[in-house]
Engineer: 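Let me give you the structure first, and then I'll get to my questions.
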Amino acid sequence: MTQSIIRRRSLLGAGAALAATTLAGCAGMSSSPSIGRVVVVGGGYGGATAARYLKLWGGNVEVTLVERNADFVSCPISNLVLGGFKQMSDITRSYDGLKAVGVKVVRGEARAIDVAGKKLRLADGSDLPYDRLVLSPGIDFMTEQIGGLAAALDSGRVLHSWKAGPQTVELRKQIVDMRDGGVFALFIPKAPYRCPPGPYERACMVAAYLKTAKPKSKVLVLDGNAEITSKKGLFEKAFKDHYSGIIEYRPNAELKELSGNVAKLEFEDVRADVLNVIPPQRAGDLARSAGLLNMNNRWVGVDWLTMESTAAPNVHVLGDATFPAPAMPKSGHMANQQAKVAAAAIIQLLKGEAVNTTPVVMNTCYSFVTARDAMHVASVHQYDAKDKTFKAVPGSGGVSVAANQIEGRYALGWADNIWADTLAL
Ligand SMILES: Cc1cc2nc3c(=O)[nH]c(=O)nc-3n(C[C@H](O)[C@H](O)[C@H](O)COP(=O)(O)OP(=O)(O)OC[C@H]3O[C@@H](n4cnc5c(N)ncnc54)[C@H](O)[C@@H]3O)c2cc1C
């Protein structure tokens, strides 16, 4: 029974399957003494998965998950909400599954880490002691890099909608309220940023809505990069085949300053009815205030065998906050995979056992280009002991030949599966 649960729950990753094999005997041992306390910050893709798998594989480990929001709201599929093809309820899930498997879910704001004292301080002043701390705080924004951006975001006039939730609802409203003949301008920061194909999917979803609802309107894609950063040929084809005359794509168009509804680029000013600015990003605020940003003062360096921070002992960091291994995307799928590597390693460390030295992780990222047609990019990454990092396995993965409706169904199935896997649903 235990084996079959683990096998079914591990379909999302080869690395997880490896870990499951070594840890299969651990599940269901909750009557034995606790092997330790793990506190997890962030109930998104990385943190929720880590909490869930620590219980699944560790059994008798005490796991507390600290999350500021009441529910899990998924960024994947949120672009379909902007297009009006899905509702917020379709991308919102509860933490009840995690509670049912024994994770203590605390709604609160994590404020500070006492690394030496092994305590997490919450905003209400309480402390949570830990043996191992897991941080998956996602990203926060480097608003200081664009003049006027912080004030524009604070006023609610300009939205990023790069963290799904209230901003998704507000941006959808701005799109619906836009006049026919209006301009929706989407600003993409220089890579690296969360979800490389996400902005181009967003352009397609907004254009798909405008094409029928407000056909005189335009989507202006102002990309800080020299070219489309993911699935380039497929997005170019989608822009041409479906949104000719609606989407206008401009590379090397880095946003410098915002003033009213005018966006200043290096050589021109752009006026738009809706300004959707995806700001430059770094690891989440908690990682910064804890002094963990040891890579370009922006991301957290980790030991890839354990996901332990190279800046702070006993603190494991996952997901978008990490400085990525070569060719490793900042994706929900990858955060979920890294969480499994960390969960397995933490249980082994708590037990004084050797950690797995051959982890393998994978990524699949779907993008919708119409309400029904999607395409994917996939990759497999294996730990390289010589260079102490994950490397893409030659010949693994790949990109769709073309977007189509079958992949659209797979994309929705992927989302249902990863939510179930992440949240123990
Ligand atoms: C529009 C869009 C589309 C995307 N599409 C895809 C896709 O199709 N496939 C894919 O794999 N990825 C996709 N992604 C990327 C994916 O959403 C991220 O890579 C993923 O969410 C990263 O997981 P994480 O755990 O690092 O961060 P998150 O999932 O953002 O989780 C961080 C959590 O930590 C909480 N938190 C942060 N700080 C604190 C604190 N101090 N105290 C308490 N709680 C805190 C936050 O509230 C949040 O719940 C998309 C992203 C966007 C924006």
Side-chain angles (χ1 to χ4, degrees), residues 12 39-51 65-83 91 93 95 105-113 120-124 128 134-140 160-165 167-168 171 186 188 192-203 205-206 230-231 276 278-279 281 283-290 299-300 307 317-322 324 328-339 342 362-368 374-378 411-412 414-415 418-419 422-423:
L12 284 159
V39 174
V40 182
V41 179
Y45 278 87
T49 307
L65 174 66
V66 180
E67 165 59 47
R68 62 163 71 105
N69 295 322
D71 295 306
F72 171 97
V73 185
S74 175
C75 286
I77 312 295
S78 67
N79 283 330
L80 278 78
V81 177
L82 297 180
I91 60 167
R93 295 290 182 275
Y95 290 111
V105 179
V106 173
R107 186 166 179 204
E109 182 75 23
R111 268 287 146 71
I113 304 167
L120 177 75
R121 168 68 50 98
L122 303 189
D124 66 6
L128 291 175
V134 178
L135 294 188
S136 198
I139 46 120
D140 275 301
H160 54 76
S161 211
W162 217 238
K163 295 182 185 187
Q167 288 244 339
T168 316
L171 187 57
L186 171 62
I188 305 173
Y193 57 84
R194 146 181 288 186
C195 192
Y200 313 103
E201 178 189 60
R202 175 168 296 180
M205 291 300 92
V206 175
S230 177
K231 306 174 196 168
N276 176 203
I278 304 170
Q281 295 151 37
D285 284 343
L286 183 65
R288 182 169 73 159
S289 62
W299 309 109
V300 182
M307 303 303 297
V317 183
L318 312 174
D320 289 355
T322 58
M328 186 179 264
K330 291 191 181 297
S331 73
H333 198 140
M334 187 51 74
N336 167 285
Q337 296 278 289
Q338 293 171 355
M362 59 166 291
N363 181 68
T364 307
C365 185
Y366 288 94
S367 302
F368 279 86
M375 59 217 193
H376 77 273
V377 59
L412 297 177
W414 170 88
I418 201 159
W419 296 336
T422 298
L423 298 161

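Whatever order the structure lists ligands and atoms in, that order sets their numbers, starting from 1. All of these numbers come straight from a predicted model, not from anything done at the bench.
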Engineer: Tell me: protein heavy atom nearest atom 47 (O) of ligand 1, and distance?
Structural biologist: Glu67 OE2, 2.8 Å
Engineer: Residue-level breakdown please: for Asp285 versus ligand 1, do any non-hydrogen atoms fall below 4.0 Å on the side chain, on the backbone, on both, or on neither?
Structural biologist: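 No part of Asp285 is near ligand 1 at this cut-off.
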Engineer: Looking only at distances, can you tell me whether any N or O atom of Glu201, backbone or side chain, sits closer than 3.5 Å to an N or O atom of ligand 1?
Structural biologist: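 No, since none of the N or O atoms of Glu201 sits under 3.5 Å from an N or O of ligand 1.
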Engineer: When only distance counts, is Ser136 in polar contact with ligand 1, meaning an N/O pair under 3.5 Å?
Structural biologist: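 Min N/O separation from ligand 1 is below 3.5 Å for Ser136.
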Engineer: Using a 3.5 Å cut-off on N or O atoms only, is Ser161 in polar contact with ligand 1?
Structural biologist: no
Engineer: Counting only heavy atoms closer than 4.0 Å, does ligand 1 sit against the backbone of Asn69, its side chain, both, or neither?
Structural biologist: side chain
Engineer: I need the contact type for Ser78 against ligand 1. Using non-hydrogen atoms and a strict under-4.0 Å cut-off, is it side chain, backbone, both or neither?
Structural biologist: side chain
Engineer: Less than 3.5 Å between some nitrogen or oxygen of Arg68 and one of ligand 1, yes or no?
Structural biologist: yes
Engineer: Can you find an N/O atom of Ala335 closer than 3.5 Å to an N/O atom of ligand 1?
Structural biologist: no
Engineer: For the residue pair Tyr95 and Arg107, establish whether any side-chain heavy-atom pair is separated by less than 4.5 Å.
Structural biologist: no
Engineer: Is it the side chain (CB and beyond), the backbone, both or neither of Glu109 that lies under 4.0 Å from ligand 1, heavy atoms counted?
Structural biologist: both
Engineer: Identify the closest protein heavy atom to atom 6 (C) of ligand 1: which residue and atom is it, and at what distance?
Structural biologist: Pro76 CG, 3.3 Å
Engineer: Quick check for you: to the nearest 0.5 Å, what is the distance between Gln338 atom CD and Met328 atom CE?
Structural biologist: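 One gets 5.5 Å once the value is rounded to the nearest 0.5 Å.
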Engineer: Based purely on interatomic distance, does Gly198 place a nitrogen or oxygen under 3.5 Å from a nitrogen or oxygen of ligand 1?
Structural biologist: no
Engineer: Who's closest to atom 10 (C) of ligand 1 heavy-atom-wise, of Gly332, Gly47, Ala283, Gly108?
Structural biologist: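 Ranked by closest heavy atom to atom 10 (C) of ligand 1, first place is Gly332.
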Engineer: Can you pull out the closest protein heavy atom to atom 21 (O) of ligand 1? Residue, atom name and distance to 0.1 Å, please.
Structural biologist: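 Of the protein heavy atoms, Tyr45 CD1, 3.5 Å lies nearest.
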Engineer: Geometry only, no angles: is Asp320 polar-contacting ligand 1 at N/O separations under 3.5 Å?
Structural biologist: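 Yes, since at least one N or O of Asp320 sits under 3.5 Å from an N or O of ligand 1.
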Engineer: At what distance, to the nearest 0.5 angstrom, does CG of Asp140 lie from OG of Ser289?
Structural biologist: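 One finds 10.0 Å between CG of Asp140 and OG of Ser289.
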Engineer: Which option, Ala290, Ser331, Cys75, owns the non-hydrogen atom nearest atom 2 (C) of ligand 1?
Structural biologist: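 It is Cys75 that holds the nearest heavy atom.
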Engineer: Which bit of Trp414 gets closer than 4.0 Å to ligand 1, counting heavy atoms only: side chain, backbone, both or neither?
Structural biologist: side chain
Engineer: Would you tell me which option among Lys163, Arg107, Arg194 has the nearest heavy-atom contact to atom 30 (O) of ligand 1?
Structural biologist: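 Ranked by closest heavy atom to atom 30 (O) of ligand 1, first place is Arg194.
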Engineer: Polar-atom distance check: Asn363 versus ligand 1, any N or O pair below 3.5 Å?
Structural biologist: no
Engineer: Evaluate Trp414 against His333 for side chain to side chain contact (heavy atoms under 4.5 Å, CB included), listing each step before the verdict.
Structural biologist: CA-CA 10 Å; Trp414 170 88; His333 198 140; 3.0 Å; yes
Engineer: Under 4.0 Å from ligand 1, counting heavy atoms only, is it the side chain of Tyr366, its backbone, both or neither?
Structural biologist: backbone
